[in-house]
Amino acid sequence: MNPLDCIFCKIAAGEIPSDRVYEDEFVLAFRDIHPQAPVHALVVPKKHMKNLLECDDGTAVAVLNAVKAVAKSEGVSESGFRAVTNCGPDGAQSVEHLHFHVLGGAQLSGRMG
Ligand code: 5GP
Ligand code: ZN
């Protein structure tokens, strides 16, 4: 995919508005437009990569550190939360730009698939 056509690249560039909850040099996090829990943020690298399989070591560290920062700033680090990345068709990935969902603020289902 051409990153110019990527919705999360457009959000990272500020071309599409989003409700940002975290930002650093490499990573952006914003609220999911269709939240599936009281807290539902998406943590994305600013650089386009399709999914976890394309993620380099430095980006992996930056994204996971941002997941922790979002969990803390959203107030779910003590109560608990889920961080998940969907990968490819069977993983139900609908946006082909790496993102981690951070879900919490309520008891989540134990069902994972
Ligand atoms: P996936 O299914 O790829 O794991 O997750 C994609 C997520 O992106 C979905 O939860 C969907 O609601 C969210 N999403 C799709 N388009 C937008 C958008 O334009 N803005 C925001 N904030 N979230 C979006
Ligand atoms: Zn992208």
Side-chain angles (χ1 to χ4, degrees):
M1 175 200 278
N2 184 340
L4 292 173
D5 298 326
C6 171
I7 195 159
F8 287 176
C9 281
K10 288 180 178 170
I11 286 175
E15 292 165 15
I16 292 176
S18 67
D19 189 357
R20 296 181 179 212
V21 295
Y22 174 90
E23 183 168 11
D24 65 30
E25 187 181 351
F26 303 107
V27 181
L28 178 68
F30 50 90
R31 296 191 199 286
D32 197 292
I33 203 166
H34 294 125
Q36 296 187 38
V39 171
H40 188 174
L42 300 172
V43 178
V44 311
K46 290 183 174 177
K47 184 178 148 197
H48 182 83
M49 53 197 76
K50 185 175 175 182
N51 58 38
L52 190 59
L53 296 171
E54 292 189 356
C55 185
D56 59 275
D57 291 0
T59 301
V61 169
V63 168
L64 286 179
N65 279 331
V67 166
K68 292 195 283 184
V70 168
K72 285 178 190 156
S73 65
E74 291 296 297
V76 296
S77 59
E78 296 292 328
S79 53
F81 64 96
R82 177 171 295 151
V84 63
T85 186
N86 296 330
C87 194
D90 279 2
Q93 181 180 10
S94 63
V95 176
E96 291 193 334
H97 178 131
L98 174 64
H99 52 283
F100 274 76
H101 298 257
V102 178
L103 299 139
Q107 177 65 59
L108 302 177
S109 162
R111 240 180 88 76
M112 295 293 285

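From a predicted model like this one, the values you see are computed outputs, not experimental measurements. Note that ligands are numbered from 1 as they come in the structure, with each ligand's atoms numbered from 1 the same way.
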Inter-residue atom distance Ser18.OG - Leu42.CG, 0.5 Å rounding: 9.5 Å
Salt-bridge criterion met for Lys46 and Glu23 (N-O under 4.0 Å): yes
Donor-acceptor contact below 3.5 Å, side chain Ser73 vs main chain Ala69: yes
Neighbouring protein N, O or S atoms of the Zn ion (ligand 2) [cut-off: under 2.8 Å, no waters]: Cys6 SG, Cys9 SG, His48 ND1, His97 ND1
Side chain Glu54, main chain Leu98, donor-acceptor under 3.5 Å: no
Qualifying residues under ring pair (Phe, Tyr, Trp, His ring centres under 6.0 Å), relative to His101, sequence neighbours excluded: His40, His99
Reported SG-to-CD distance for the pair Cys9 and Glu96, which is rounded to 0.5 angstrom: 12.0 Å
Short side-chain to backbone donor-acceptor contact, Arg20 and Tyr22, under 3.5 Å: no
Closest heavy-atom pair and its distance - Pro38, Gly105: CG-O, 3.5 Å
Pairs under 3.5 Å, nitrogen or oxygen of ligand 1 with protein nitrogen or oxygen:
{"from": "ligand 1", "atom 1": "2 (O)", "to": "Ala92", "atom 2": "O", "distance (Å)": "3.2"}
{"from": "ligand 1", "atom 1": "2 (O)", "to": "Ser94", "atom 2": "N", "distance (Å)": "3.4"}
{"from": "ligand 1", "atom 1": "2 (O)", "to": "Ser94", "atom 2": "OG", "distance (Å)": "2.8"}
{"from": "ligand 1", "atom 1": "3 (O)", "to": "Ser94", "atom 2": "N", "distance (Å)": "2.7"}
{"from": "ligand 1", "atom 1": "3 (O)", "to": "Ser94", "atom 2": "OG", "distance (Å)": "3.1"}
{"from": "ligand 1", "atom 1": "3 (O)", "to": "Val95", "atom 2": "N", "distance (Å)": "2.9"}
{"from": "ligand 1", "atom 1": "3 (O)", "to": "His99", "atom 2": "NE2", "distance (Å)": "3.0"}
{"from": "ligand 1", "atom 1": "4 (O)", "to": "Asn86", "atom 2": "ND2", "distance (Å)": "2.8"}
{"from": "ligand 1", "atom 1": "4 (O)", "to": "His99", "atom 2": "NE2", "distance (Å)": "3.0"}
{"from": "ligand 1", "atom 1": "4 (O)", "to": "His101", "atom 2": "NE2", "distance (Å)": "2.8"}
{"from": "ligand 1", "atom 1": "5 (O)", "to": "His99", "atom 2": "NE2", "distance (Å)": "3.0"}
{"from": "ligand 1", "atom 1": "5 (O)", "to": "His101", "atom 2": "NE2", "distance (Å)": "3.3"}
{"from": "ligand 1", "atom 1": "10 (O)", "to": "Asp32", "atom 2": "OD1", "distance (Å)": "3.2"}
{"from": "ligand 1", "atom 1": "10 (O)", "to": "Asp32", "atom 2": "OD2", "distance (Å)": "2.5"}
{"from": "ligand 1", "atom 1": "12 (O)", "to": "Asp32", "atom 2": "OD1", "distance (Å)": "2.5"}
{"from": "ligand 1", "atom 1": "22 (N)", "to": "Arg31", "atom 2": "O", "distance (Å)": "2.9"}
{"from": "ligand 1", "atom 1": "22 (N)", "to": "Ile33", "atom 2": "N", "distance (Å)": "3.4"}
{"from": "ligand 1", "atom 1": "23 (N)", "to": "Ile33", "atom 2": "N", "distance (Å)": "3.3"}

Results of salt bridge (Lys or Arg N to Asp or Glu O under 4.0 Å) for Asp19 - residues two or more places apart only: Arg31
